[in-house]
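These notes are about the structure you will find just below.
Chain letters run A, B, ... following the sequence lines, proteins first and then strands; every chain starts at 1. The structure displayed is predicted, hence computed values, not measured ones.
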Amino acid sequence: MTRAATHGNAGCPMPPRLRFAPSPSGYLHIGGARTALFNWLWAKKQGGRFVLRIEDTDQDRSSLESVRAILESLRWLGLDWDEGPEVGGDCGPYFQSERRGRYRQLADELVEAGKAYRCYATKEELDAARAALKAQDPKAQFVYPGWWRDKGPADWLEGRPFVYRFRTPAEGSARFEDEVFGVVETPNSAQQDFVLMRSDGFPLYNFSCVADDHDMRISLVGRGRDHLGNTAQQVLLYEALGWEPPRFAHLPMMLSPKGEKLSKRHAAVGVMDYAARGMTPMGVLNYLARFGWSHGDQEIFSRGELIEAFDWKSCGRSDGKFDEKKFSDVAFEHLKEPRLTSDEDYAAWVRPFLAENGLTDEQVPEGTLRAALPTIRERARTLVEAAVALDYYFREPPVVEEKARSKFLTPAHAPLLAQLRQVYEGAPRWTAEALEARLAEQGLEVKLAAQPLRVALTGRTATPPIFDVMAVLGRERTLARLGRGAELAAG
RNA sequence: GGCCCCAUCGUCUAGCGGUUAGGACAUCGGCCUCUCACGCCGGUAACGCGGGUUCGAUUCCCGCUGGGGUCACCA
């Protein structure tokens, strides 16, 4: 039994509950996807539950459109959630905007217990104080002066808007043991009386996060290191509310190649951008998994292997830089290996890209597609490239590149092409080996015949081994294309 | 600036006191070859600096430097 599997005061082993809690203020980017992945992996490995919660407490930045985009990305990645939007669960609602009553109730309880207080200072007053301080000392850091810290109900300005502030203990410190970073301790003196709820009744992150993680019985919170500092405040809140905190696991951050915080400015960072580029979900997941986590020297993992091998203890602690080349290579590895992407899955993944190029499903028989895949797997780094590589197998007639034609389909090649057509018309067996052998039997050299043959059959100078191509095309289409090639060559 | 975190090839990383410091990507040679790829073989390339501890530090401790995060009525 692992520590993480133990939760609750009875010490009885319970399946862990993990969560991913994005704020719907844009699409899902790869950093967020990695956070979701690690939590998902641990839930799968431990037989726990993976909860999806939408942190839409910032009205200005949240949108339903973003919620849809995030759900779409998670589904594409195959990171299914056991509880959350569209699937429900016992701990709902899973949108924070629908849980405001609970936050208000908890905030009032904290006030009653003397752990929080109402602060009637207006934004204007605060801004003025901030400005005054800056005027005196531009480098000074403004902290809330505590105007309402020691006041009580008798001082409340009924009818006026107010925020709830946490009464941070003057002494002591917040301490927790992170699964990745170990013991982290922050003195309370470094903390000011932070706001719990805004005057419009919406909670702030640190408050709603604690309330929901508790109410949703989350046993381990895995998130980015940018939240490491927030954890101290949250630990203080758990103490004030008399709750046992969950375990925490912070992940080192994924930075841009230049070492800056990753953002839209750095090429593609959205999960669906990579889907559009023709990567598979596992290609993306594999790269993300190996970022800040390792398992000996193993680089490539299937979904099952990832679940089997994942462990918070094997996560690193230092931030890393995103590397497009490595990402591309990992994604390629997944396309190349039938062990990682079966022919069946590959066919299903590549069809939309073929369709994008104007090849309808009727033009792409499943049997031919499956037969063609082994010939292009090691030649296509993405599904976009795969669709290009597969094109001539299905397009009738195939597109003939001008440079290829002018080099290998000239009048001088016409007799050879005509001869090749005859040679293969009489071929008794139609397998790659037999087709290659037939050439020598008829006194023709592979070296001399290959390129004209290739261009006549595919319209290109670079393709899989030409006899493999012929085997996939079949006798009828091969002979037809040879005939057409001979005609083109003759002019 | 306060608080917190981090530090091995260009990049992702292995290493958990004694290793010729390993792997992967990238890069540079070569081999294979009907083209293009794949694959294979080989090369270049790293422990930030200074103190300790120790018979011995990449590894443990301290300082420095460097990088990052966070200090909102954002998350």
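Taking only side-chain nitrogens and oxygens, Lys134(A) never comes nearer than 4.0 Å to OP1 or OP2 of rG1(B). Within the 4.0 Å cut-off from OP1 or OP2 of rA75(B), at least one side-chain nitrogen or oxygen of Thr57(A) is found.
Taking only side-chain atoms of Arg290(A), from C-beta outward, the nucleotide of rC4(B), rA26(B), rU13(B) with the closest atom is rU13(B). Comparing atom distances between the Pro187(A) side chain and each of rC6(B), rC25(B), rC4(B) picks out rC4(B) as nearest. Among rG69(B), rC12(B), rC34(B), the nucleotide with an atom closest to any side-chain atom of Ile466(A) is rC34(B).
Between Glu299(A) and Lys326(A) there is a salt bridge, since a side-chain N of the basic residue sits under 4.0 Å from a carboxylate O of the acidic one. Look at Arg53(A) and Asp213(A) and you find a salt bridge, because one of the NZ, NE, NH1 or NH2 atoms lies within 4.0 Å of a carboxylate O, short of that distance.
Backbone-only contact: Ala190(A) has heavy atoms under 4.0 Å from sugar-phosphate atoms and none from a base. Backbone-only contact: Gln192(A) has heavy atoms under 4.0 Å from sugar-phosphate atoms and none from a base. Among the protein residues, Ser318(A) comes within range of the sugar-phosphate backbone only, with heavy atoms under 4.0 Å from sugar or phosphate atoms but none that close to a base. The residue Phe194(A) sits apart from the nucleic acid: no heavy atom pair falls under 4.0 Å. Ser294(A) comes within 4.0 angstrom of sugar-phosphate atoms only, judged by non-hydrogen atoms across all strands, and of no base. Using a 4.0 Å heavy-atom cutoff across all strands shown, Ala121(A) reaches at least one base atom of the nucleic acid. Residue contacts shown for Val195(A) are limited to sugar-phosphate atoms, with no base heavy atom under 4.0 Å away. Using a 4.0 Å heavy-atom cutoff across all strands shown, Met197(A) reaches no nucleic acid atom at all.
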Using atom names, set out every protein N or O paired with an N or O of nucleotides 38-41 of chain B below 3.5 Å, distance rounded to 0.1 Å.
unit_1: rC38(B); atom_1: O3'; unit_2: Lys336(A); atom_2: NZ; d: 3.1
unit_1: rG39(B); atom_1: OP1; unit_2: Lys336(A); atom_2: NZ; d: 2.7

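Annotation: rU27(B) and rA14(B) have their P atoms spaced 24 Å apart (nearest Å). A gap of 23 Å separates the P atoms of rC31(B) and rG23(B), to the nearest Å. rG43(B) and rA21(B) have their P atoms separated by 15 Å, with the value rounded to a whole Å. The same atom, P, is picked in rG18(B) and in rA57(B); the two are 12 Å apart, to the nearest Å. For the C1' atoms, the distance linking rA45(B) with rA72(B) amounts to 46 Å, nearest Å. Annotation: rU8(B) and rC49(B) have their P atoms spaced 12 Å apart (nearest Å).
Every residue meeting the side chain to side chain contact (heavy atoms under 4.5 Å, CB included) condition with Ala437(A), not counting sequence neighbours, appears here in chain and number order: Glu441(A). Arg317(A) pairs by the side-chain hydrogen bond (donor to acceptor under 3.5 Å, both in side chains) definition with nothing, not counting sequence neighbours.
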Next on the checklist: Protein within reach of the bases, or only the backbone? For nucleotides 60-65 of chain B, mark each nucleotide 5' to 3' as B, S or -, using heavy atoms under 4.0 Å.
Outcome noted: ------

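Side-chain contact annotation: Thr463(A) with Arg454(A), donor-acceptor N/O pair under 3.5 Å present.
Within residues 222-229 of chain A, the residues having any heavy atom under 4.0 Å from RNA chain B are, by residue number, Arg225(A), Asp226(A), His227(A), Leu228(A).
Under 3.5 Å, the side chain of Asn230(A) and the base of rA75(B) form at least one donor-acceptor pair of N or O atoms. For rC36(B), its base never sits under 3.5 Å from the side chain of Thr463(A) at any donor and acceptor pair. Judged by atom type and distance alone, Asp297(A) reaches the base of rG22(B) through a side-chain donor-acceptor pair under 3.5 Å.
Sorted by first then second residue, the side chain to side chain donor-acceptor pair (under 3.5 Å) pairs that include residues 130-147 of chain A, not counting sequence neighbours, number zero.
A 4.5 Å side-chain heavy-atom check between Arg421(A) and Thr478(A) finds every atom pair outside the cut-off.
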